[in-house]
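Because the structure is predicted, anything quoted here is derived from the model rather than measured. Both counts, for ligands and for their atoms, begin at 1 and track the order of listing.
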Amino acid sequence: MKYNHLQQQDPAVWAIIEKEEQRQNDELELIASENYVSPAVLEAMATVLTNKYSEGYAGHRYYGGNAVIDEIELLAIDRVKQLFQAEHVNVQPLSGSPANAAVYMAFLNPGDKVLGLKLDHGGHLSHGHKVNFSGRLYNFVQYGVNDKTGVIDMDEVREIALREKPKMIVAGFSAYSREIDWQKFKDIADEVGAYTFADIAHIAGLIAGKQIKNPVPIFDVVSTTTHKTLRGPRGAIIMCKEKYAKQINSAVFPGMQGGPHDHITAAKAVAFGEALRPEFIEYSKQIILNAQAMAQEFIDRGYRIISGGTDNHLMVIDLSAKSSVGKEAERTLEKIGISVSRSTIPNDPNPPMNPSGIRIGTPAVTTRGMKEEEMKLIVSYIDEALENKENDLKLNNLKEKVKLLCAEFPIPTK
Ligand code: DSN
């Protein structure tokens with residue numbers, strides 16, 4: 001990308017950005033929550049819309065001069081409605097955790113009981129972990145995955161729900177590779193009179209691409225970030241039934257946030273437009289095919305994948321059989337130009353800073369146009385690196401191979 005003014009005016013910042021662009025070009029991104037936005041999304045973010053304050057909503061702003069901003073916000077909302085069959089949409093949340101905070105604020109009072117997935121079983125900090133605002137403000141009880149299968153045990157979810165009578169049930173994850181039975185969650189919630197909240201941050205793109213079932217028509221409220229499989233700018237949205245529109249809007253503003261980031265809203269609209277195109281269905285399909293090819297190759301090489309495989313874009317790999325741990329693997333792979341994130345495994349005996357596993361995802365490499373063959377090759381590089389973590393010569397050699405593969409599949413510039 002050309003940054004002429006930046007280069008001239010502030011060469012120090014420009015040089016750092018250039019360095020990061022080079023790193024992204026030369027290295028493989030396997031962090032399940034990351035992706036490469038299109039040049040059009042990138043351009044929308046670098047626009048004069050950043051100059052505007054627009055607290056409030058279209059037609060009801062607290063500042064003048066917002067007629068044009070109303071247009072972009074309404075366009076973004078309309079595209080989300082088409083993508084997810086949503087009744088009401090708020091496109092202002094700045095990111096995933098603030099979006100989830102707004103959802104809780106809209107439906108709960110501090111101290112209310114909520115049921116969510118445990119962090120070390122694949123949940124998210126904002127689904128009730130004790131160090132997070134969610135676990136501090138609300139009374140979370142947690143469900144997990146089955147010890148043997150690694151899959152969410154819906155009988156256990158029902159049992160806990162009947163016993164604890166939560167006011168809200170949260171379904172969603174940041175490190176879980178199986179499809180979620182939205183209807184079953186809704187049935188359980190109905191039995192105990194709880195609200196249903198789905199956090200689809202990781203899989204929103206796969207839902208938009210029609211590869212995974214959509215909870216929006218079933219659940220009361222759904223949040224998602226926009227920058228993961230959905231391949232938009234860093235940010236979030238909330239979708240809900242029309243009857244909750246007012247309480248969700250008031251929770252986002254003035255409850256949680258001030259002015260929305262209008263340049264990001266424009267970039268979200270561009271990304272939603274891209275996700276509405278037929279090519280996005282092909283992209284989503286390939287993300288899953290790639291993840292499944294990768295998981296199988298890991299299994300064939302003796303690794304344990306939690307739950308035995310994947311239905312989505314990610315997998316959590318237990319490294320214990322390979323005498324390795326998450327942090328060490330993350331660092332070794334960084335040396336060969338592959339980014340992954342360390343991850344806990346269910347009931348992890350190791351601490352969260354150095355857990356037993358790594359989480360790997362395929363959205364970014366699929367954006368580069370890679371397919372199943374390349375996934376197998378990448379797993380072979382990972383395996384070789386982890387088997388030779390003290391051998392700098394081997395690691396340097398692998399780094400060269402990764403760079404060559406990246407050059408063959410450049411990040412799209414169109
Ligand atoms: N940081 C995101 C992830 O990596 O899953 C979740 O917030």
Cation-pi check, K322 onto Y303 ring (under 6.0 Å, within 45° of axis): yes

Lys/Arg cation over aromatic F280: R231, 6.0 Å, 45° cone: no

Contact check, E34 vs ligand 1, heavy-atom distance below 4.0 Å: no

Taking heavy atoms and a distance under 4.0 Å, where does R359 meet ligand 1: side chain, backbone, both or neither? side chain

Whether the side chain of N354 engages the backbone of R342 through a donor-acceptor N/O pair (distance < 3.5 Å, no angle test) should be reported. no

If we count only N and O atoms by modelled type, under 3.5 Å, do the side chains of Q296 and D300 hold a donor and an acceptor together? yes

Show the atoms of ligand 1 that are less than 4.0 angstrom away from any heavy atom in H202. 3 (C), 5 (O)

Find all atoms of ligand 1 within a distance of less than 4.0 Å from any non-hydrogen atom belonging to S174, and give their numbers and elements. 5 (O)

Identify the protein heavy atom lying closest to atom 7 (O) of ligand 1, giving its residue, its atom name and the separation to 0.1 Å. H124 NE2, 2.7 Å

So which protein heavy atom does atom 1 (N) of ligand 1 come closest to, and at what separation? S33 OG, 4.5 Å

One pair to check against salt bridge (Lys or Arg N to Asp or Glu O under 4.0 Å): R158 and D187. What are the steps and the verdict? CA-CA 9 Å; R158 180 169 179 269; D187 293 344; over 6 Å; no

Partner of S38 by side chain to side chain donor-acceptor pair (under 3.5 Å), out of E274, E43, K414: E274

Is K228 in polar range of ligand 1, meaning some N or O pair under 3.5 Å apart? no

